[in-house]
Amino acid sequence: MKEDRVFWNHFAKDYAAAEKASRLPIARDVSVWLSNEGLLPTKSLVDLAAGTGRYAARFAAHVQQLTLIDWSSAMLAYAKQRLTTNVATSVDFITADWHQLETPPAADLIFVSQLPTLQANELRTLTTWARQTVVLNFQTEQSDALMNRLLTYLGQPVPVAYQADPSRVASYRHWLRAHQIPFKSHTLTYHLEEQTTISDLLPELAVPLGVKTASRLAEALTGNENTHMSVTNHLTYTYTQLVWHSNH
């Protein structure tokens with residue numbers, strides 16, 4: 001997946017629509033977890049790679065000074081719409097590549113969610129920004145039970161979802177341990193059901209299947225050769241949070 005400003009500006013509308021349609025209460029649950037950990041309320045918070053403000057909108061009521069940073073102006077435009085009602089909170093929006101900021105933002109809490117380009121050695125920078133705490137929130141699992149069964153039946157590997165690659169968080173844990181920085185891990189897991197059909201899944205396969213092969217596949221997985229028969233599918237999503245304190 002190409003990670004650049006042009007892509008995210010074009011993708012912002014679809015991204016905002018997908019977030020609106022999502023059944024995962026992840027932003028609410030992360031906010032509640034931060035409150036339970038005593039990290040919210042706080043005086044100041046920087047939401048790095050803030051996107052459309054999904055998390056910032058939840059944090060705003062608990063923060064005096066909120067700063068959203070994202071390199072996509074289109075994404076931040078949606079964030080501004082979300083945050084117009086939080087009049088008690090001072091909110092700043094910064095459109096920039098965070099690596100190129102002339103003045104590093106400082107805040108009590110630095111929050112980063114789903115920034116796929118974040119490298120482990122860049123955690124040092126985040127730690128220097130934080131007066132008190134750094135919190136990372138990354139998806140580490142996205143599992144489609146029926147698709148996994150389908151791929152296994154065909155002898156194809158089950159791919160790791162780009163946005164849910166567990167190796168990212170593993171690299172962050174390794175860096176923190178290597179630099180003797182104590183941290184705490186937390187997970188949020190969601191199990192959802194949806195109605196789908198075998199025919200809905202077939203376009204996602206690397207190799208197209210003929211009608212007879214598809215019918216045999218449907219019968220093997222569902223007990224019915226009708227590829228258009230609705231079946232219940234089970235989806236699993238896991239998010240991992242890492243939190244550590246700076247030495248400021």
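FYI, side chains are in, hydrogens and waters are out, and symmetry mates aren't considered; it's all heavy atoms of this structure. Every value quoted in this text rests on a predicted model; they were computed, and no experiment measured them.
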Peer 1: Among the clusters formed by ILVMFWY side chains lying less than 4.5 Å apart, do Phe59 and Tyr78 turn up in the same one?
Peer 2: no
Peer 1: Verify the distance criterion only: is there a donor paired with an acceptor across the side chains of His228 and Thr197 at less than 3.5 Å?
Peer 2: no
Peer 1: Between Tyr172 (side chain only) and Leu118 (backbone N and O only), is there a donor and an acceptor less than 3.5 Å apart?
Peer 2: yes
Peer 1: Please go through Val207's hydrophobic cluster and name the other residues, only I, L, V, M, F, W, Y counting, with side-chain heavy atoms under 4.5 Å joining them.
Peer 2: none
Peer 1: ring-ring contact (aromatic ring centres under 6.0 Å, His included) between Trp8 and Phe11: does it pass, once the steps are laid out?
Peer 2: CA-CA 5 Å; Trp8 283 107; Phe11 188 49; 5.5 Å; yes
Peer 1: Taking atom types as modelled and ignoring hydrogens, do the side chains of Gln163 and Gln142 form a donor-acceptor contact shorter than 3.5 angstrom?
Peer 2: yes
Peer 1: What's the separation between atom CG in Leu217 and atom OG1 in Thr227, rounded to the nearest 0.5 Å?
Peer 2: 9.5 Å
Peer 1: Locate the shortest heavy-atom distance separating Val63 from Leu45; write the atom from each residue and the value.
Peer 2: CG1-N, 3.8 Å
Peer 1: Check each of Val91, Ile94, Val46 against Leu68 using the side-chain contact (heavy atoms from CB on, under 4.5 Å) test, and report the only one that passes.
Peer 2: Val91
Peer 1: For a 4.5 angstrom cut-off between non-hydrogen side-chain atoms, does Thr125 reach Pro104?
Peer 2: no
Peer 1: Can you name the nearest heavy-atom pair linking Glu122 to His99, along with the distance?
Peer 2: OE2-NE2, 2.7 Å
Peer 1: Verify the distance criterion only: is there a donor paired with an acceptor across the side chains of Gln195 and Thr232 at less than 3.5 Å?
Peer 2: yes
Peer 1: About how many Å separate CG of Asp92 and CG of Asp47, when rounded to the nearest 0.5 Å?
Peer 2: 13.0 Å
Peer 1: Only counting residues at least two apart or in another chain, list the ones meeting salt bridge (Lys or Arg N to Asp or Glu O under 4.0 Å) with Asp165.
Peer 2: none
Peer 1: Ring-plane angle category for Phe111 and Tyr55, please: parallel below 30°, perpendicular beyond 60°, tilted otherwise.
Peer 2: tilted
Peer 1: In the single-linkage hydrophobic clustering (I, L, V, M, F, W, Y; side-chain heavy atoms under 4.5 Å), do Val32 and Leu39 co-cluster?
Peer 2: no
Peer 1: My understanding is that only one of Tyr239, Trp33, Phe138 makes a ring-ring contact (aromatic ring centres under 6.0 Å, His included) with His186; could you say which?
Peer 2: Trp33
Peer 1: Side chains of Phe183 and Leu123, heavy atoms from C-beta outward: is any pair under 4.5 Å?
Peer 2: no
Peer 1: Can you find a side-chain donor-acceptor pair between Asp108 and Gln65 that sits under 3.5 Å?
Peer 2: no
Peer 1: Give a yes or no on this: more than 12 heavy atoms of other residues, nucleotides or ligands lie within 6.0 Å of atom NE2 of His10.
Peer 2: no
Peer 1: Quick one: CG on Leu176 to CZ on Arg124, what's the gap to the nearest 0.5 Å?
Peer 2: 11.0 Å
Peer 1: I want to check something: taking the side chain as every heavy atom from C-beta on, are Thr42 and Thr133 in contact at a cut-off of under 4.5 Å?
Peer 2: no
Peer 1: Could you tell me whether Arg168 sits above the aromatic face of Tyr162, with NZ or CZ closer than 6.0 angstrom to the six-membered ring centre and within 45 degrees of the axis?
Peer 2: yes
Peer 1: Measure the spacing between CG of Asn148 and OG of Ser143 and express it to the nearest 0.5 Å.
Peer 2: 4.5 Å
Peer 1: Out of Leu235, Leu201, Asn233, which residue meets the side-chain contact (heavy atoms from CB on, under 4.5 Å) rule with Met147?
Peer 2: Leu201
Peer 1: Does Thr187 reach the side chain of Thr140, with side-chain heavy atoms less than 4.5 Å apart?
Peer 2: no
Peer 1: Does a side-chain heavy-atom distance below 4.5 Å link Arg54 with Ser22?
Peer 2: yes
Peer 1: Are any of the side-chain heavy atoms of Met229 and Thr222 separated by less than 4.5 Å?
Peer 2: yes
Peer 1: Can you name the closest pair of heavy atoms from Val160 and Ala164 and give their distance?
Peer 2: CG1-O, 3.9 Å
Peer 1: Side chains of Thr196 and Val231, heavy atoms from C-beta outward: is any pair under 4.5 Å?
Peer 2: yes
Peer 1: Quick check for you: to the nearest 0.5 Å, what is the distance between Ile26 atom CD1 and Leu188 atom CG?
Peer 2: 4.5 Å
Peer 1: Distance-only, no hydrogens or angles: does the Ser246 side chain make a donor-acceptor pair with backbone N or O of Ala130 under 3.5 Å?
Peer 2: yes
Peer 1: Quick one, His191 and His234 - any side-chain contact, counting heavy atoms below 4.5 Å?
Peer 2: no
Peer 1: For the residue pair Ser44 and Arg131, confirm or rule out a side-chain donor-acceptor distance under 3.5 Å.
Peer 2: yes
Peer 1: Looking at every heavy atom in both Trp71 and Asp97, which two are closest together, and how far apart are they?
Peer 2: CB-N, 4.0 Å
Peer 1: Nearest heavy-atom pair of Ala96 and Arg5: which atoms, and what distance?
Peer 2: C-NH2, 4.5 Å
Peer 1: Search all heavy atoms of Asn9 against all heavy atoms of Ala74 and return the closest pair with its distance.
Peer 2: OD1-N, 3.1 Å
